[in-house]
Number of protein chains: 2
Amino acid sequence: MDARRRQILDAARRCFVRNGFHATSMQDLLAEARLSAGAVYRYFSGKEAIIGAIASEALAEVAEAFAERDGERPPGLDDIVDLVLRGEGPSLAASRESAGLLVQIWAEALRSPSLAARLQEVVDEVRVLISGMVARHQEQGRLSSDVPPERVADALIALVDGFVVRRAVYGDADPEAFRDGLRALMGASHHRRT
Amino acid sequence: MDARRRQILDAARRCFVRNGFHATSMQDLLAEARLSAGAVYRYFSGKEAIIGAIASEALAEVAEAFAERDGERPPGLDDIVDLVLRGEGPSLAASRESAGLLVQIWAEALRSPSLAARLQEVVDEVRVLISGMVARHQEQGRLSSDVPPERVADALIALVDGFVVRRAVYGDADPEAFRDGLRALMGASHHRRT
DNA sequence: TGGCGCGGAAGGAACGCTCGTTCTACGTTG
DNA sequence: CAACGTAGAACGAGCGTTCCTTCCGCGCCA
C-alpha cells in the first residue's frame, strides 16, 4: 500500500520538523503515524532509511522549484530570489517548516556522505539553471560579462540559502522586505514595485 | 581548574564538529577528552550544558568577529562580506569546522528555545553593526537611501549566512571567487582588485 | 620533622531507562 | 482456509547519569 508509505512519511516529516532527525525517537514517529512498529518496519528498513527518504523528498522539491522556473526571464536578477521563494503552494522554503527541514538536512549532510552526495547533486543542478539565467542577463548587457556566470550563480544561491536560514531560524522573513534590501544592495535605481 | 574545563570543551568541539551534537555520545566525548565520567560531570551538569557552552562560545566568536570590524569603512559594500569572512586566524566561519558548527547550531536552535534566544541576540547585535555601515554608505550616496538600512543589512547577513552554508556543506568556498560574483551582481563597474 | 588524616578531584563500574529493532500471535479479507 | 499485514510485547545494546571508591597533596599535631 502506497498510502501507508505516505502516511509514515508525512508523520515522519512532522516529527522531524518538530524535533530534528536525531531527537525524534522511533516511538515518537510510531505514535504520530498511529501505527505499530511492525507496520512501519514493513515499509522501511529502519530509521536511517526514513531520514533518507524525507531528505530526498525535500531536496527533490527544491530541485523542482528551481527547474519549473527555468527559462523564465525575470525582470531583474534580484527577482531570481523570490522567483524561487514564491513558488506557489507549500513548496520549497516557502514555509518555515520546509526551511527548517533544509537546515537540518545541511547539518545531517555534514556527517552522512550519501546525503552530502545527493545534496551536491541537487546544488549542481540548480547552479546550472541559475548560471543560464545569469548568462542570459549578461548577453543583454544587464550585467557585466567579465565574471563567469557560475560565480554570480553562487552568490545568488548563497542569497537563497541565507534567506532559508533566516526563515527557519530567526523567525519569519518577509520576502518583500528582503527584496527591497537586495535591490538597494544591487545599486539598482529602480524602486520597489507597488 | 579552568584548564580542565577548556580541555573538556576542546574535546567536545572536536567531537561535535566530527559527528554533530546528538550523534556524539558522552562516551565518545569522554574518550576524546581522556577523562572519566566523574571528572566531566564535575564541571558540567550534563550533555545539554556542554552543547550550550560550545554553542555560546561559537556565537560569541561570531559576534566578536563582526564587532572588531565595526567602524571600518569598507571600500564597497561587497567588501563587507569578506571583511568578516577574512577575520585573521581561525575565527568565525574562516574554517570549515566553524562553519559546520554554525550550521549545527542553527539546526539545534530550531528545537532549543534558549539557544534560539541566544542566537537571536547575536544576530540583532550584528544587525545593528551592519546597519551602521550601510547607513554610512547611504550618507555618502554610494547607496540609494530610500530603503531602510536594516533591510540592506538583512540581505548582507543572508549573504554571509549563505556563504557559511556553502563553506560547511558544499565543501570549500573561495572568498575571492565569491566576491567576484557578488561584485558583478551588484552591478558595480569596478573590476576585481588585483 | 615525620606520620596522620582530611578534602577535593578523578576514576570507573553500575544503574535505570529508552533506543532501534525483531518476533510471534492475532485479526481481517478475499 | 490461506495469506497477508498489523499489533504490541520483548530484546539486547547503548545511552546519559550517578555514586561509591581511589588517589593525591597539603596542613596539623605529637
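Here is how names work: the chains are called A, B, and so on, in the same order as the sequence lines, proteins then strands, and each is numbered from 1. When reading the values below, keep in mind they use all heavy atoms of this one structure, side chains included, and skip hydrogens, waters and symmetry mates.
- The NZ atom of Lys47(B) sits 14 Å away from the C1' atom of dT18(C) (whole-angstrom rounding).
- Of the possible polar contacts, none joining the Glu108(A) side chain to the Phe21(A) backbone as a donor-acceptor pair under 3.5 Å is found.
- Note on Thr24(B): only backbone sugar-phosphate atoms sit closer than 4.0 angstrom, heavy atoms only; bases stay farther off.
- Between dA10(C) and Ser36(B), no contact under 4.0 Å exists linking OP1 or OP2 to a side-chain N or O.
- One can place CZ of Arg42(A) at 11 Å from C1' of dA3(D), the figure rounded to the nearest angstrom.
- Phe44(A) has its CZ atom 15 Å from the P atom of dT22(C), to the nearest Å.
- Summarising the geometry, the separation between CD on Gln27(B) and P on dA14(C) is reported as 14 Å, rounded to the nearest angstrom.
- At dG14(D), none of the side-chain N or O atoms of Ser25(B) fall inside 4.0 Å of OP1 or OP2 (strictly under the cut-off).
- Across all strands shown, Gly46(A) has heavy atoms under 4.0 Å from sugar-phosphate atoms exclusively, and none from any base.
- Under 4.0 Å is where a charged nitrogen must lie from a carboxylate oxygen, and between Arg166(B) and Asp161(A) no such pair does.
- Note: CE (Met26(B)) to P (dA13(D)) measures 23 Å, nearest angstrom.
- Without hydrogens or angle criteria, Arg96(B) side chain to Ala168(B) main chain gives a donor-acceptor distance under 3.5 Å.
- Residue Leu30(B) contributes atom CG, which lies 13 Å from atom P of dT18(D) at whole-angstrom precision.
- Checking Arg111(B) against Thr24(A) by side-chain atom types alone, no donor-acceptor pair falls below 3.5 Å.
- Of the possible polar contacts, one joining the Gln138(A) side chain to the Val147(A) backbone as a donor-acceptor pair under 3.5 Å is found.
- In this entry the distance linking CD of Gln7(B) with P of dA10(C) reads 9 Å, nearest Å.
- Of the listed nucleotides (dC19(C), dG16(D), dT21(C)), dT21(C) has the atom at the smallest distance from the side chain of Tyr41(A).
- Residue Asp28(A) is the one, among Asp28(A) and Ala37(A), whose nearest nucleotide of DNA chain C lies closer to the 5' end (criterion: closest heavy atom).
- Among the nucleotides dT6(D), dG11(C), dG12(C), the one closest to any side-chain atom of Arg4(A) is dT6(D).
- Rounding to whole angstrom units, OH of residue Tyr43(A) and P of dC4(D) are separated by 13 Å.
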